[in-house]
Amino acid sequence: MTVKLEESWLNLLSDQFEQPYFKQIKEKLLQEKAEHHVVYPPGSKIFAALDFCPVDKVKAVIIGQDPYHNPGQAHGLCFSVPQGIEPPPSLVNIFQELHDDLGINPPSHGNLESWAEQGVLLLNASLTVRAHMAASHAGIGWQQFTDTIIQRLSANRQNLVFLLWGSFAIKKQALIAKDRGHLILTAPHPSPLSAYRGFFGCKHFSKANEYLKSKGIEPIDWSIK
């Protein structure tokens, strides 16, 4: 696996690609291929979240756990699916909260690239998954890589918004630099199992924009293009 990455991220993370854990990731993905396992997302999309958002363009960070594991769903952005793929239940609930918070009508598709293009880093903690096996790559080293992303991004930038949904994501706040003026918003996960425990009504989208505006930063257009 050759690491092809947007230049600013390549610079920020350049020391990671020769680390033992990253070599382990490469070896595991090569092994999966050799054993004819299907892995999502496609290789060209593994780093899509970073490729959409150069380091200096990031405004907000949403952290997911791992990619969708059914055919056609994963394309490198957490919670997002390509156009033509039915939005999964958690994404449907995100759109419900978006409507309740900002009056934005649910879109006809679940592709969140328009968020990513505005500087919303849609980062999964694990960047790959074996087909039909949730969390199957959670232990292969990806989390060390994505934890480093969170640490370095938060240390190098100021006034970012971190939207942490669910206990897994909320634990990541320990990685966020405390002296850089970041806003950390936490809520239960938007999955149908927990959305009614406080994700609905959290108003994270309007809170994020109010904060950005207070810092003189262009707010995010959360409508889905």
Side-chain angles (χ1 to χ4, degrees), residues 40-41 48-49 59-82 85-116 120-140 142-143 146-147 149-150 153-154 160-176 182-211 220 222-224:
Y40 299 130
K59 296 179 181 180
V61 182
I62 298 176
I63 298 173
Q65 200 153 348
D66 66 334
Y68 296 124
H69 55 267
N70 290 325
Q73 291 181 314
H75 66 144
L77 306 177
C78 74
F79 292 106
S80 179
V81 290
I85 300 293
E86 185 176 352
S90 292
L91 186 54
V92 171
N93 286 341
I94 289 170
F95 292 155
Q96 177 65 49
E97 175 58 22
L98 201 54
H99 177 265
D100 294 346
D101 185 9
L102 294 173
I104 295 171
N105 289 324
S108 59
H109 63 85
N111 190 329
L112 304 181
E113 287 179 1
S114 65
W115 289 5
V120 182
L121 182 63
L122 296 165
L123 183 68
N124 276 314
S126 296
L127 297 187
T128 57
V129 69
R130 188 190 292 184
H132 309 296
M133 293 181 63
S136 48
H137 288 178
I140 73 170
W142 278 128
Q143 290 195 37
T146 54
D147 282 357
I149 289 172
I150 296 165
L153 176 67
S154 69
L160 300 177
V161 182
F162 288 84
L163 299 92
L164 308 180
W165 300 334
S167 57
F168 178 87
I170 288 169
K171 288 175 186 166
K172 300 293 183 182
Q173 66 184 313
L175 303 168
I176 299 169
H182 304 307
L183 176 65
I184 300 173
L185 299 171
T186 63
H189 195 276
S191 113
L193 298 174
S194 54
Y196 287 95
R197 296 187 204 142
F199 177 77
F200 290 139
C202 70
K203 298 191 180 299
H204 279 187
F205 303 104
S206 59
K207 288 175 180 176
N209 275 353
E210 286 163 11
Y211 174 80
I220 296 155
W222 292 106
S223 60
I224 313 298

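The closest donor-acceptor contact from the side chain of Lys59 to the backbone of Ala208 lies at 3.5 Å or more, if one exists at all. Remark: side-chain polar atoms of Ser80 are not paired, donor with acceptor, to backbone N or O of Leu77 under 3.5 angstrom. At least one donor-acceptor pair under 3.5 Å links the side chain of His182 to the backbone N or O of Leu160. A distance-only check finds no donor-acceptor pair linking the side chain of Asp66 to the backbone of Ser126 [under 3.5 Å].
Of all heavy-atom pairs between Pro41 and Pro67, the closest is CD-CG, 4.1 Å. Residue Cys202 comes nearest to Ala187 through the heavy atom pair CB-CB, 4.0 Å, listed as atom of the first residue, atom of the second, then distance. Shown here for Tyr40 and Pro71, the closest heavy-atom pair between the two residues is OH-CA, 3.3 Å. Heavy atoms only, all atoms of each residue included: Cys78 and Leu123 are closest at SG-N, 3.6 Å. Pairing each heavy atom of Ser114 with each of Ser223, the nearest pair is OG-O, 3.7 Å. Residues Ala195 and Pro190 come closest through the heavy atom pair CB-O, 3.6 Å.
Put simply, the side chain of Phe162 reaches to within 4.5 Å of the side chain of Ser154, judged on heavy atoms. Under the 4.5 Å side-chain criterion, counting only non-hydrogen atoms from C-beta, Leu112 is not in contact with Val120. The side-chain heavy atoms of Thr128 and Ile140, taken from C-beta on, include a pair separated by under 4.5 Å. In this structure, the side chains of Val81 and Pro88 come closer than 4.5 Å at one or more pairs of heavy atoms. By the 4.5 Å heavy-atom criterion applied to side chains, His109 and Ile224 are counted as neighbours. Contact of the Ile176 side chain with the Val61 side chain is not registered, since no non-hydrogen atoms from C-beta on lie closer than 4.5 Å. A 4.5 Å side-chain heavy-atom check between Arg130 and His69 finds every atom pair outside the cut-off. The side-chain heavy atoms of His75 and Asn111, taken from C-beta on, include a pair separated by under 4.5 Å.
Interatomic distance, CG of Leu98 versus CG of Asp101, reported as 7.0 Å (0.5 Å rounding). For the atom pair CH2 (Trp115) and CD1 (Ile62), the distance works out to 5.0 Å, reported to the nearest 0.5 Å. Atom CD of Gln65 sits about 7.5 Å away from atom CD of Gln143, to the nearest 0.5 Å. Between the CG atom in Leu185 and the NZ atom in Lys203 there is a gap of 13.5 Å [rounded to 0.5 Å]. Distance check: Tyr211 OH to Ser206 OG gives 15.5 Å after rounding to the nearest 0.5 Å. Rounded to the nearest 0.5 angstrom, Lys172 NZ and Thr146 OG1 are separated by 5.5 Å.
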Handout entry: side-chain hydrogen bond (donor to acceptor under 3.5 Å, both in side chains) assessment of Glu97 paired with Asn93
Key = CA-CA 6 Å; Glu97 175 58 22; Asn93 286 341; over 6 Å; no
Exercise for the section: Kindly determine whether Phe79 and His189 satisfy ring-ring contact (aromatic ring centres under 6.0 Å, His included), including the steps that lead there. Expected result: CA-CA 11 Å; Phe79 292 106; His189 195 276; 5.7 Å; yes
Exercise for the section: Could you check Val129 against Asn124 for side-chain contact (heavy atoms from CB on, under 4.5 Å), going step by step and ending with a plain yes or no? Expected result: CA-CA 11 Å; Val129 69; Asn124 276 314; over 6 Å; no
Problem - Residue pair Phe199, Trp165: steps toward the side-chain contact (heavy atoms from CB on, under 4.5 Å) verdict - result: CA-CA 8 Å; Phe199 177 77; Trp165 300 334; 3.6 Å; yes
Practice task
For Asn209 and Trp222, run side-chain contact (heavy atoms from CB on, under 4.5 Å): C-alpha distance rounded to whole Å, both residues' side-chain angles, the deciding distance at 0.1 Å, then the answer.
Solution key: CA-CA 9 Å; Asn209 275 353; Trp222 292 106; 3.5 Å; yes
